[in-house]
Amino acid sequence: MAAPSDAGGGGAGPGPVRPPRLPPGDLRSVLITSVLNLERLELDLFRGRHHWVPATQRLFGGQIVGQALVAAARAVSRAEQVHSLHCYFVRAGDPKVPVLYQVERTRTGKSFSVRSVKAIQHGQPIFTCQVSFQLTQESPLQHQFTMPAVPPPEELLTQEELIQKFLQDPNLAERYRKHLNKIQAEDVPIDIKPVNPPDVYCSEPQEPKQLFWVRARGYIGETDMKVHCCVAAYISDYAFLGTALLPHRLYRIKFMASLDHSMWFHAPFRADHWMLYECESPWAGGCRGLVQGRLWRRDGVLAVTCTQEGVIRVEQTPNQSKL
């Protein structure tokens, strides 16, 4: 990926950040080499292409958020770091054509700068986003929540290993088997290790909370922090809204899509290192669900906070379990 900060606030900033030297045997993350590697068309106009497309055949929201953040970050100086972003998904993305990202340099201040991004397909905006950047400032005012106590990722199975385990169950219902095979076939560039997964695959209602370790697949390395923020933006949308479905698994989902997405970046982190994603849904109603998430570094530092609301439409009559 050409680092997202390769142009200064006035278009004459520092040159491209050199990619980190790779340790022997390590491969660059596809999130850097492909998904978040935008093509510059003009000073503040970029084109992005697609890597992974969900079964819905709509563009993955995390890809749009991550690519929009790349575009915004290329319009600020190297010294400025992203501290928050606020997005709206206004139309479904078409996976058959690229996305154009148009950046507006809304404000460049002494401490904070704002960049607005519009993602366009077929001549219409599909997504809008505002990103705020800040020059590093020290403050004695500091506090954070405490990270949940969970097993380390080395003691847990990956999502792929869990799926293999569930598929070996001879009593697994056929519709669940098809669902798991579909997930297994997806080429998601993220490593995931759920915390406290069930022994067998089931669709029983549960509390709207989930914990899993996440990281980008492949090597990113020490580089501009904005690169890791762009990758975290991609990761943050995966399985996020699904937290709101956990108490309602007896209903068949007719339609589900993200409406908006916000993130706040608190501390430096490596997106290619394991982070704990703590997700919860405090509310659902009116065909909408609200989810909140926190990305924790392994040393207990709160790195990122996320919120999202999505539209969720279900069949009015709950399904009867076939198990």
Side-chain angles (χ1 to χ4, degrees), residues 31 35 50-69 84-93 95 119 126-129 159 162-163 179-180 182-183 186 188-197 203-214 216 230-264 275-296 304-315 318-319:
L31 287 168
V35 181
H50 320 311
H51 174 71
W52 172 66
V53 177
T56 59
Q57 291 304 300
R58 296 190 302 270
L59 289 182
F60 174 48
Q63 174 188 292
I64 304 301
V65 177
Q67 289 183 345
L69 182 53
S84 70
L85 59 85
H86 303 272
C87 316
Y88 282 96
F89 300 90
V90 295
R91 288 182 176 86
I126 63 169
F127 168 93
T128 62
C129 180
Q159 179 172 272
L162 283 169
I163 289 175
H179 175 66
L180 290 174
K182 187 180 296 184
I183 296 175
E186 294 177 340
V188 183
I190 307 170
D191 287 325
I192 303 167
K193 290 192 173 186
V195 176
N196 298 322
S203 61
E204 294 300 315
Q206 65 185 71
E207 189 179 13
K209 295 182 179 181
Q210 59 179 339
L211 292 159
F212 43 94
W213 291 98
V214 293
C230 293
V231 174
Y234 182 98
I235 292 174
S236 70
D237 192 41
Y238 187 78
F240 194 22
L241 188 56
T243 310
L245 297 176
L246 296 178
H248 312 289
R249 286 175 157 181
L250 295 180
Y251 288 92
R252 188 177 75 83
I253 306 301
K254 293 168 56 179
F255 180 80
M256 184 171 73
S258 303
L259 292 171
D260 56 14
H261 190 91
S262 297
M263 300 181 72
W264 293 264
M275 291 192 292
L276 181 69
Y277 201 8
E278 178 188 12
C279 303
E280 58 187 359
S281 175
W283 175 89
C287 291
R288 304 192 317 276
L290 179 68
V291 288
Q292 300 170 338
R294 289 180 281 273
L295 277 167
W296 299 89
V304 186
T305 298
C306 314
T307 62
Q308 184 179 107
E309 191 172 52
V311 57
I312 304 174
R313 296 193 177 99
V314 301
E315 296 284 1
N319 292 325

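Reckoned from all heavy atoms, side chains included, excluding hydrogens, waters and symmetry mates. Keep in mind that what you see is a predicted model, and the values were worked out from it rather than measured.
Rounded to the nearest 0.5 angstrom, Thr128 OG1 and Asp260 CG are separated by 10.0 Å. To the nearest 0.5 Å, atom CG of residue Leu69 and atom CE of residue Met263 are 8.0 Å apart. Separation of atoms CG (Leu85) and OG (Ser236) is listed at 8.0 Å; rounding is to 0.5 Å. Taking CG of Leu250 as the start and CD of Glu204 as the end, the distance is 6.5 Å to the nearest 0.5 Å.
Exactly one residue among Tyr238, Tyr277, Trp296 makes a ring pair (Phe, Tyr, Trp, His ring centres under 6.0 Å) with Phe212. That residue is Tyr277. Shown are Gln292, Gln210, Lys209, Glu207; of these, the side-chain hydrogen bond (donor to acceptor under 3.5 Å, both in side chains) with Thr243 is made only by Gln210.
Phe127 pairs by the ring-ring contact (aromatic ring centres under 6.0 Å, His included) definition with Phe89, not counting sequence neighbours. Partners of Gln308 according to the side-chain hydrogen bond (donor to acceptor under 3.5 Å, both in side chains) rule, which considers only residues two or more places apart in sequence or in another chain, are Asp237, Ser258, His261. Listed by chain and number, the residues in a side-chain contact (heavy atoms from CB on, under 4.5 Å) with Val195 are Val150, Pro151, Leu156, Leu211, Trp213, Leu276 (sequence neighbours excluded). Partners of Phe60 by ring-ring contact (aromatic ring centres under 6.0 Å, His included), not counting sequence neighbours, listed by chain and number: Trp52, Tyr234. Here His86 pairs with Trp264 under the ring-ring contact (aromatic ring centres under 6.0 Å, His included) rule; sequence neighbours left out.
Residues Glu315 and Lys254 share a closest heavy-atom pair of N-CD, 3.7 Å. Across Ala244 and Ile312, no two heavy atoms sit closer than the pair CB-CD1, 4.1 Å. The shortest non-hydrogen separation linking Pro95 to Leu59 is CA-CD2, 3.5 Å.
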Throw together a table of side-chain donor-acceptor distances under 3.5 angstrom for residues 280-290, partners on residues two or more places apart or in other chains.
unit_1, atom_1, unit_2, atom_2, d
Glu280, OE2, Arg294, NH2, 3.4
Ser281, OG, Trp283, O, 3.4
Ser281, OG, Leu290, O, 2.7
Arg288, NE, Glu309, OE1, 3.3
Arg288, NE, Glu309, OE2, 3.0

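Judged purely by atom type and a 3.5 angstrom limit, Gln67 has no side-chain atom pairing as donor or acceptor with the backbone of Ala119.
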Evaluate the side chain to side chain contact (heavy atoms under 4.5 Å, CB included) criterion for residues Leu245 and Arg249: first the C-alpha distance (whole Å), next the side-chain angles of each, then the deciding distance (0.1 Å), finally the verdict. CA-CA 6 Å; Leu245 297 176; Arg249 286 175 157 181; 5.7 Å; no
